[in-house]
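My questions all concern the structure below.
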2 protein chains.
Amino acid sequence: MLIITMLGDGPRRFNELKRMVNGVSQRMLTLSLRGLERDGLITRTVTPSTPPRVDYELTELGRSLLGTVSALSAWALENQGEIQKARTAFDASVQ
Amino acid sequence: MLIITMLGDGPRRFNELKRMVNGVSQRMLTLSLRGLERDGLITRTVTPSTPPRVDYELTELGRSLLGTVSALSAWALENQGEIQKARTAFDASVQ
DNA sequence: CGGGATCCTGTAGGATACTG
DNA sequence: CAGTATCCTACAGGATCCCG
């Protein structure tokens, strides 16, 4: 979902995504990108040059997920305070 | 997300949810329910009787997720064929 | 730059047994 | 019925090194 979101406004390069996700290992980013590519949600375009350049971009199918994903993201943002409160209360009640 | 959906049309009991999810171990169902309860998305109501009865129900916060979750679910249903095709094609192209 | 290949470890989570 | 408590292991995923 993070990757779908980051690709929402245009293609991105590998290290660009790596920086945006912040904390993801290159291994997991690669695996995630491969999975999304396999599912037909993103495309991988290699431009052979020095240095090499690889762009990732949403397919039409991928773009069709943007709306729902950003709705979920918006929900999370709007309600993170509420959830934090619930957690603190719950943890206190269980000691 | 599955649990949120199952609770969408009213409260459910533990074993009822267990049957609905189909394949989930009671351990993971318990852990998932605890997590959702901790986050304030569901409530857990114990009715002491023989046999004991425990009902799970969406909170208002939980219900506020229903729309987005079912949108995602609908997307998955609509596009599962497309995704299967993409996977087969991808796997074939990689051999 | 954009990865693949290895090695290694923590832990998610299954299976099973017990309980109020 | 609705869970806890244990034990155990496969595998997710980090760290590191290498490469065109």
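If you're wondering where the values come from, they're calculated on a predicted model, not measured in any experiment. Chain letters run A, B, ... following the sequence lines, proteins first and then strands; every chain starts at 1. Side chains are part of it too, since the values below use all heavy atoms of this structure and drop only hydrogens, waters and symmetry mates.
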- Message: Based on the rotation axes of five pairs at each end, what angle does the helix from C/dC1-D/dG20 to C/dG20-D/dC1 bend through, to 10°?
- Response: 50°
- Query: Quick one: are B/Asn79 and A/Leu61 in side-chain contact, heavy atoms under 4.5 Å?
  - Reply: yes
- Shortest non-hydrogen contact from B/Leu72 toward B/Met1: CD2-CE, 3.9 Å
- Query: What are the two closest non-hydrogen atoms of B/Thr5 and B/Asp9, and how far apart are they?
  - Reply: O-OD1, 4.2 Å
- Proximity to DNA chain D (any heavy atom under 4.0 Å), residues of residues 2-17 of chain B only: B/Arg13, B/Phe14, B/Asn15
- Might you point out which heavy atoms bring A/Leu33 and A/Leu17 nearest each other, and give the distance in Å? CD2-CD1, 4.0 Å
- Query: Is any NZ, NE, NH1 or NH2 atom of the basic residue among B/Arg87 and A/Asp39 found under 4.0 Å from an Asp or Glu carboxylate oxygen of the other?
  - Reply: yes
- Item | Interatomic distance, B/Leu65 atom CG to B/Ile42 atom CD1 [nearest 0.5 angstrom] | 12.0 Å
- Applying side chain to side chain contact (heavy atoms under 4.5 Å, CB included) between A/Phe14 and each of A/Gln26, A/Arg19, A/Arg44, A/Arg53, report the one that passes. A/Gln26
- Message: Nearest 0.5 angstrom please: B/Thr30 OG1 to B/Glu37 CD, how far?
- Response: 11.5 Å
- Which of residues 41-51 of chain B have a heavy atom under 4.0 Å from DNA chain D? B/Arg44, B/Pro51
- Residue pair B/Ile3 / B/Ser32: nearest heavy atoms and the distance that separates them: CD1-CB, 3.7 Å
- Is there a residue in residues 22-32 of chain B whose heavy atoms reach under 4.0 Å of DNA chain D, and which residues are they? B/Gln26, B/Arg27, B/Thr30
- Task: Identify the two heavy atoms, one from B/Leu41 and one from A/Trp75, that lie closest to each other, and give their separation to 0.1 Å.
- Result: CD2-CH2, 3.8 Å
- Residues that A/Arg13 engages under salt bridge (charged side-chain N to carboxylate O under 4.0 Å, His left out), provided they are two or more places apart: none
- Task: Please assess B/Leu7 against B/Tyr56 for the test side-chain contact (heavy atoms from CB on, under 4.5 Å), listing each intermediate value before the final yes or no.
- Result: CA-CA 8 Å; B/Leu7 294 180; B/Tyr56 293 94; 4.2 Å; yes
- Test item: A/Ser70 side-chain N/O and A/Ser73 main-chain N/O as donor-acceptor pair under 3.5 Å: no
- Task: Using a strict 4.0 Å threshold on nitrogen-to-oxygen distance, state whether B/Arg38 and A/Asp91 make a salt bridge.
- Result: yes
- Task: Measure from CG on A/Leu33 to P on D/dG13 and round the result to the nearest Å.
- Result: 14 Å
- Span of DNA chain C engaged by chain A, first through last nucleotide within the 4.0 Å heavy-atom cut-off, is C/dC1 to C/dT6
- Message: Tell me the closest heavy-atom pair linking B/Leu66 and B/Ile4, and the distance in Å.
- Response: CD2-O, 3.9 Å
